Number of protein chains: 2
Amino acid sequence: MTPDALPLPTRCAHCGLRASGAFHQLAASELGFIEDLRSASERVPAGHVLIREQVDGGRLYTLYAGWAFRYKTLSDGRRQILNFLLPGDFFGLQQRFSEGATYGVEALTEASVCVFQGNRLWELYRAHPRLGYDLTWLCAREEQMLDENLLTTGRRSALERVAVLLIHLFKRLQRLGLVAEDNSCAFPLTQQHMADALGLSLVHTHRTLRRLQALGLHSLEDGRLVLRNPHALTQLADYAAQPMEQLPLL
Amino acid sequence: MTPDALPLPTRCAHCGLRASGAFHQLAASELGFIEDLRSASERVPAGHVLIREQVDGGRLYTLYAGWAFRYKTLSDGRRQILNFLLPGDFFGLQQRFSEGATYGVEALTEASVCVFQGNRLWELYRAHPRLGYDLTWLCAREEQMLDENLLTTGRRSALERVAVLLIHLFKRLQRLGLVAEDNSCAFPLTQQHMADALGLSLVHTHRTLRRLQALGLHSLEDGRLVLRNPHALTQLADYAAQPMEQLPLL
DNA sequence: CGAATGGTTGACGTATGTCAATGTATGTGG
DNA sequence: CCACATACATTGACATACGTCAACCATTCG
């Protein structure tokens with residue numbers, strides 16, 4: 001069941017992600033610093049917990065390949081998925097600024113990550129202000145996504161919520177060049193993941209998904225998502241697309 | 001109806017906020033840079049819109065006195081308040097990294113702000129890495145708050161939501177030294193603000209508020225909030241308090 | 001073969017939303 | 001000083017979107 005091998009991190013100068021063209025170019029000295037900052041690269045199976053809530057590893061990560069998600073749980077087990085992580089996404093920063101991780105991170109699919117030494121973060125700002133600037137950018141960007149998710153769970157109907165989720169992930173994959181010619185993309189989320197991300201119950205998520213499908217707006221089978229009518233979907237969700245610019249990458 | 005005057009920004013070296021002890025100390029050179037970066041200070045009435053959705057002013061702000069909030073709206077008028085801003089909070093950063101503000105900011109009470117030149121942001125990172133580091137910290141901190149709000153709107157019941165809102169604002173005010181001996185603090189939100197922040201309807205927010213009050217957990221009258229039983233409230237909300245450390249301040 | 005995982009469906013309960021009216025301050029212009 | 005408007009809190013009656021419970025099915029895997 002592994003037709004294509006999971007991409008693994010290489011030396012930063014030959015980084016496969018950077019080669020995709022979706023990210024900013026960096027100077028050689030900056031690349032060198034990043035490579036030196038990187039303490040390891042890891043390959044983890046689906047379901048693996050990279051950051052455990054309450055526990056502070058202090059490590060920083062860039063997701064290199066695969067999918068993951070950030071989440072929080074209440075003491076009785078209710079779970080909220082905060083956002084999904086795609087290749088190039090940076091995480092672990094918040095724990096540097098507080099004691100104990102305030103959220104968990106779990107691999108959604110088999111995934112590979114670059115691991116950085118969190119205790120040298122300050123050195124990064126001093127030695128390479130450009131990278132510090134990029135980090136802030138990434139942080140602000142993630143905050144934008146959270147703003148959108150908050151609007152979604154707080155004010156959108158179930159139908160709108162599901163629509164937003166589909167479009168948003170689709171757009172993000174598109175930016176990474178991971179959408180095929182026929183408007184299809186990989187989609188490894190279970191309905192439980194969607195429910196936890198949208199603040200809905202599993203059953204209602206399922207029904208809403210089928211309702212959307214019946215409207216001919218998308219199809220979702222065999223782990224692949226196809227947007228049959230992106231425009232109508234965007235309209236229904238009242239979704240504001242973000243420009244497709246290059247992003248920073250650590 | 002203005003018994004006490006609204007504090008106004010002064011020269012950074014004599015900043016009243018910094019004098020409160022709630023924030024990090026900075027070196028003289030850093031203070032000088034900030035003062036130079038500041039293009040103005042403004043005083044605005046309650047209800048004034050500091051950042052309008054979709055419109056990009058490109059300016060950066062620190063709230064100096066009073067309350068404000070960030071929000072997003074859907075095209076049919078539904079509004080979600082993303083988070084509340086208290087003195088010392090920095091905002092406007094996200095618009096530097098995207099075209100057009102993706103959220104609005106409105107003054108909740110009469111307020112005063114420091115305004116900074118957004119186009120010199122990169123210079124800040126180069127000349128004063130420490131300030132860049134602080135900015136990232138502030139950004140990560142706000143993201144933590146959004147994570148919490150997302151958990152709240154996504155997975156907490158109405159009673160829990162209201163409880164979290166009260167505790168959280170109380171704790172933040174406490175950090176700023178704005179809570180009186182008798183566990184009371186200013187509380188200028190209308191029920192509509194609370195509803196929009198919590199993803200509830202106005203009517204249900206009102207009923208939930210009264211239910212909490214009937215349980216003897218708080219009282220709320222004449223613009224002041226009193227926590228009658230902080231412990232029980234925290235328990236009910238399943239709220240994880242953040243440590244009371246000093247924060248960065250730009 | 002049985003266990004586990006994820007999807008599907010129906011019946012039913014309820015937390016929350018909607019509508020609409022009333023009350024109470026506070027402000028304002030004549 | 002009155003007439004009126006506005007903002008916000010309050011309350012009751014009623015509607016519904018969504019949650020819960022409990023099955024059953026399909027696929028995969030050991």
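Worth knowing before you read on, the calculation uses all heavy atoms, side chains too, and leaves out hydrogens, waters and symmetry mates. Chain letters run A, B, ... following the sequence lines, proteins first and then strands; every chain starts at 1. Because the structure is a prediction, the values reported are computed rather than measured.
- In this model, no donor atom of one side chain and acceptor atom of the other lie less than 3.5 Å apart for A:Thr234 and A:His231.
- Between A:Phe69 and A:Phe84, the two ring planes are perpendicular [angle over 60°; tilted spans 30° to 60°].
- A donor atom on one side chain and an acceptor atom on the other are found under 3.5 Å apart for A:Gln94 and A:Tyr103.
- The base of D:dG12 sits within donor-acceptor range of the side chain of B:Arg207, with an N or O pair under 3.5 Å.
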Shorter than 3.5 Å, N or O on both sides, protein versus nucleotides 8-10 of chain D: list them out with atom names.
unit_1: D:dA9; atom_1: OP1; unit_2: B:Gln191; atom_2: N; d: 3.4
unit_1: D:dA9; atom_1: OP2; unit_2: B:Gln191; atom_2: N; d: 3.1
unit_1: D:dT10; atom_1: OP2; unit_2: B:Gln191; atom_2: NE2; d: 3.0
unit_1: D:dT10; atom_1: OP2; unit_2: B:His206; atom_2: NE2; d: 2.9
unit_1: D:dT10; atom_1: O5'; unit_2: B:His206; atom_2: NE2; d: 3.0

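- Between atom CG of residue A:Leu200 and atom CZ of residue A:Arg161 there is a gap of 5.0 Å, rounded to the nearest 0.5 Å.
- For the pairing with B:Arg172, the side-chain contact (heavy atoms from CB on, under 4.5 Å) check across B:Arg175, B:Gln174, B:His168 returns one residue only, B:His168.
- If you take CG of B:Leu198 and P of C:dG17, they are 10 Å apart, rounded to a whole angstrom.
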Can you give me the N/O atom pairs linking the protein to nucleotides 13-16 of chain C at distances under 3.5 Å, or say none if there are none?
unit_1: C:dT16; atom_1: OP1; unit_2: B:Ala158; atom_2: N; d: 3.1

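- Between the CD atom of A:Glu221 and the C1' atom of C:dG6 there is a distance of 16 Å, rounded to whole Å.
- A cation-pi geometry, defined here as NZ or CZ lying under 6.0 Å from the six-membered ring centre and within 45° of its normal, does not hold between A:Arg224 and A:Phe187.
- For residues 198-225 of chain B, there are no ring-ring contact (aromatic ring centres under 6.0 Å, His included) pairs, not counting sequence neighbours.
- Between A:Arg52 and A:Glu106 no salt bridge is recorded (no basic side-chain N to carboxylate O distance below 4.0 Å).
- Residue A:Leu209 contributes atom CG, which lies 15 Å from atom P of C:dG6 at whole-angstrom precision.
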